[in-house]
Participant: 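Would you mind keeping the following structure in view while I ask a few things?
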Amino acid sequence: MPTGFRHAKCRPNGLFPAEYAGRLTAVRTAMAKAGLDVLVVTDPSNQNWLTGYDGWSFYVHQAVVIPLERKPFWWGRRQDANGAQRTVDPDATDIEFYLDHYVQSTVRHPMQDLAAKLRDRGLGTACVGVEMDNYYFSAKAYTSLVDALPHAKVRDATALVNWQRAIKSPAEIEFMRRAARISEKITNLAIDRAAPGVRKNDLAAEIMAAGIAGVDDIWGDYPAIVPLMPSGASAAAPHLTWNGEAMQTGEVTFFELSGCYRRYHVPLSRSVFLGKPPAYILNGEAALVDGLESGLEQARAGNRTCDIANALGDVMERAGIERGARCGYAIGLSYPPDWGERTMSLRPEDETVLQPGMTFHFMPGLWMDGWGLEITESILITEDGPAETFCSIPRKLFIKDG
């Protein structure tokens, strides 16, 4: 344990204990409402949000376990307990571990160890909530836990913690403002460097290096998603990364990037056309910009998430453009493979009421037959007026003709 950590006024990430205490209270209130005695939190984003735990250890089984009344505990691989000791406040959260013979074993499973620890705490017959629809909670983990707790009731608690994260604290918003400075830096770099003959992998390397270098004293963390930067016909697919080919005249490339600061993300997309764009590209640009600005006008406290999506959809319909219905999602703290929070979506059927402190990536991209275009904004719902955009880069297609 780092010297003096136990008595430090704040965690290694700069957040004070009161912030974490409030988060724990909110989660326990939601647990009680759901009838849960204990919650097993396997999403690394939720683990960080609840305890500050941070490490590239989410490829093995780990969790933050929250009893309704007793002290929570972090649980993971023995060697990763060292990382927990450096990032988790032991006054607020105990640290438990399992031995390495559980790792990638075909004859035993780490959830058997967790079940034993729950039984030792008198929770062998408890109602246990687990995040079943989670990248990091496998089918084997579920069946192993159920088998090892035959007298418990294991229930789905997917997104219970995620929804408590919907409204950001002032400290979280400050972290996102810092991430936004990095997002601006790497987006401007991508726009400036894009040119015929530039190899995509070389440009991706520059973007990633600049993002990690950060801005002034704002250092960059690794983003949950690598640079997405398809060109030409490949831009019809929204989630392609890069290859070793050179950028070419006559193609549009969109860059979907995010700076990351202390695991907080602020994604941003801009598009670059090399040469003289055809009319259909310019028409798509005009519709995207108009739709984006129309949606931002609806992004106000008291309105609903669907109001943003419908405002965009109306503009797209008038322009004769058909696109997917979902045009955004909640953002904040995250780990690979996704920087979304997996709660609210900006789409016509989502009627979540917008509240101050909510943050979204509003992304009206076009992925058409043989081409694609993205112009997006990450936004903060404010007390009054339309949403604030985290970044300040012109909303347009950047044309580099000659």
Side-chain angles (χ1 to χ4, degrees), residues 20-51 53 58-77 88 92-98 102 108-167 329-330 332-335 337-338 340-345 349-352:
Y20 288 99
R23 296 173 182 183
L24 181 60
T25 297
V27 168
R28 280 179 163 156
T29 299
M31 288 172 58
K33 185 176 180 180
L36 300 177
D37 300 312
V38 60
L39 179 65
V40 177
V41 180
T42 50
D43 184 330
S45 305
N46 291 338
Q47 292 178 48
N48 182 306
W49 187 78
L50 282 164
T51 70
Y53 177 73
F58 41 83
Y59 64 93
V60 293
H61 294 280
Q62 60 184 33
V64 168
V65 181
I66 304 176
L68 194 57
E69 297 178 351
R70 298 184 181 186
K71 189 177 180 182
F73 64 94
W74 176 93
W75 166 84
R77 188 179 182 182
V88 173
T93 306
D94 287 333
I95 296 172
E96 299 275 8
F97 58 81
Y98 57 87
Y102 283 100
R108 61 182 64 87
H109 195 279
M111 285 296 161
Q112 295 168 334
D113 177 87
L114 179 59
K117 289 177 169 56
L118 291 175
R119 290 195 300 269
D120 290 344
R121 287 168 167 79
L123 295 168
T125 60
C127 185
V128 182
V130 296
E131 299 173 312
M132 290 185 66
D133 194 9
N134 184 321
Y135 307 122
Y136 305 92
F137 188 67
S138 66
K140 184 67 172 178
Y142 173 73
T143 58
S144 297
L145 185 64
V146 169
D147 289 345
L149 291 175
H151 303 295
K153 301 179 183 68
V154 181
R155 296 181 179 173
D156 186 14
T158 299
L160 184 148
V161 176
N162 303 62
W163 276 102
Q164 311 315 309
R165 296 165 46 191
I167 298 175
Y329 44 83
L333 185 158
S334 201
Y335 286 81
D338 178 29
E341 287 189 333
R342 298 178 297 283
T343 51
M344 300 163 280
S345 288
E349 62 270 27
D350 192 321
E351 298 187 350
T352 304

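Keep in mind the model is a prediction, meaning the values are calculated, not measured.
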Participant: Strictly below 4.0 Å, N to O, side chains only: are R342 and D43 in salt-bridge contact?
Facilitator: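 Between D43 and R342 there is a salt bridge, with a charged N closer than 4.0 Å to a carboxylate O.
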Participant: How about K140: does its NZ atom have over 12 heavy atoms from other parts shown lying under 6.0 Å from it?
Facilitator: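 Result for NZ/K140: open.
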Participant: Do the side chain of T93 and the main chain of T51 share a donor and acceptor less than 3.5 angstrom apart?
Facilitator: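 Between the backbone of T51 and the side chain of T93 there is no qualifying donor-acceptor contact (under 3.5 Å).
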Participant: Could you measure the distance from the OG1 atom of T143 to the NE2 atom of H109? Nearest 0.5 Å is fine.
Facilitator: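 Answer for the OG1-NE2 pair, T143 versus H109, is 7.0 Å.
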Participant: Can you check whether S345's main-chain N or O pairs, donor with acceptor, with D350's side chain at less than 3.5 Å?
Facilitator: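 Yes; judged by distance alone, with no hydrogens or angles, the pair exists.
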Participant: Taking the six-membered ring of F73, is the NZ or CZ of R121 close enough (under 6.0 Å from the centre) and on axis enough (within 45°)?
Facilitator: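 Yes, a cation-pi geometry.
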Participant: Quick check: closest heavy atoms across P44 and F58, and the distance to 0.1 Å?
Facilitator: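 For P44 and F58, the tightest heavy-atom pair comes out as CG-CB, 4.0 Å.
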Participant: Against N162, only a single residue in T343, N46, N134 fulfils side chain to side chain donor-acceptor pair (under 3.5 Å); can you say which?
Facilitator: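 Filter result, single survivor: N46.
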Participant: Distance check, rounded to the nearest 0.5 Å: Y20 atom OH versus T25 atom OG1?
Facilitator: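 Output value for this atom pair is 14.5 Å.
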Participant: Are more than 12 heavy atoms from other residues, nucleotides or ligands located less than 6.0 Å from atom CG of D120?
Facilitator: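 Yes, enclosed.
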Participant: For the atom pair CZ (R165) and CG (L50), what is the distance rounded to the nearest 0.5 Å?
Facilitator: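 CG of L50 is found 9.0 Å from CZ of R165.
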Participant: Which residue, L149, V38, V128, L68, forms the side-chain contact (heavy atoms from CB on, under 4.5 Å) with L123?
Facilitator: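 That would be V38; it is the only one of L149, V38, V128, L68 passing the side-chain contact (heavy atoms from CB on, under 4.5 Å) with L123.
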Participant: Nearest heavy-atom pair of P337 and Y135: which atoms, and what distance?
Facilitator: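 Looking at all heavy atoms of both residues, the closest pair is CD-CD1, 3.6 Å.
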Participant: Any chance you could measure L333, atom CG, to N48, atom CG, to the nearest 0.5 Å?
Facilitator: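 Answer for the CG-CG pair, L333 versus N48, is 4.5 Å.
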Participant: Take atom CD of E349 as the centre, draw a 6.0 Å sphere, and report whether it contains more than 12 heavy atoms from other residues, nucleotides or ligands.
Facilitator: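 Atom CD in E349 is crowded, with more than 12 foreign heavy atoms closer than 6.0 Å.
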Participant: Can you find a pair of side-chain heavy atoms, one from V41 and one from W49, that are under 4.5 Å apart?
Facilitator: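 Side chain of V41 against side chain of W49, heavy atoms only: no contact under 4.5 Å found.
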Participant: Using side-chain heavy atoms (C-beta onward) and a distance below 4.5 Å, is P72 in contact with R28?
Facilitator: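 Side-chain contact under 4.5 Å: yes.
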Participant: Check whether E131 reaches the backbone of T42 with its side chain - one donor and one acceptor, N or O, closer than 3.5 Å.
Facilitator: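 Yes, E131 side chain to T42 backbone: donor-acceptor pair under 3.5 Å.
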Participant: So does H61 get a backbone contact from the side chain of Y98, meaning a donor-acceptor N/O pair under 3.5 Å?
Facilitator: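 Yes; judged by distance alone, with no hydrogens or angles, the pair exists.
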Participant: CZ of R23 to CD of Q164: how many Å apart, nearest 0.5 Å?
Facilitator: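 R23 atom CZ to Q164 atom CD measures 12.0 Å (nearest 0.5 Å).
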Participant: For a quick test of reading the model, state the closest non-hydrogen atom pair linking A148 to R119 and the distance between them.
Facilitator: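 For A148 versus R119, the nearest heavy atoms are O-NH1, 2.7 Å.
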Participant: Could you state the interatomic distance from CZ (F97) to OH (Y102), rounded to the nearest 0.5 Å?
Facilitator: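 F97 CZ to Y102 OH: 12.0 Å, rounded to 0.5 Å.
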Participant: Spell out, as yes or no, whether a donor-acceptor pair under 3.5 Å connects the side chain of T158 to the backbone of M132.
Facilitator: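 Confirmed, T158 side chain pairs with M132 backbone.
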Participant: Determine the interplanar angle of the Y53 and W74 rings, folded into 0 to 90°, and report it as parallel if under 30°, tilted if 30 to 60°, perpendicular if over 60°.
Facilitator: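 Judged by the thresholds at 30° and 60°, the geometry between Y53 and W74 is tilted.
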Participant: Less than 4.5 Å apart, side chain to side chain, heavy atoms only: is that true for D113 and W75?
Facilitator: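 They are in side-chain contact.
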Participant: Of the non-hydrogen atoms in C127 and G35, which two are nearest, and what is the gap between them?
Facilitator: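 Heavy-atom minimum between the residues: SG-O, 3.5 Å.
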Participant: Of V64, V161, V88, which meets side-chain contact (heavy atoms from CB on, under 4.5 Å) against Q47?
Facilitator: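 When side-chain contact (heavy atoms from CB on, under 4.5 Å) is applied between Q47 and each of V64, V161, V88, only V64 qualifies.
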Participant: Is it true that a side-chain atom of R155 and a backbone atom of L36 form a donor plus acceptor pair closer than 3.5 Å?
Facilitator: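 Looks like no, no N/O pair under 3.5 Å.
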Participant: Apply side-chain contact (heavy atoms from CB on, under 4.5 Å) to residues W163 and M344 and explain how you reach the verdict.
Facilitator: CA-CA 9 Å; W163 276 102; M344 300 163 280; 3.3 Å; yes
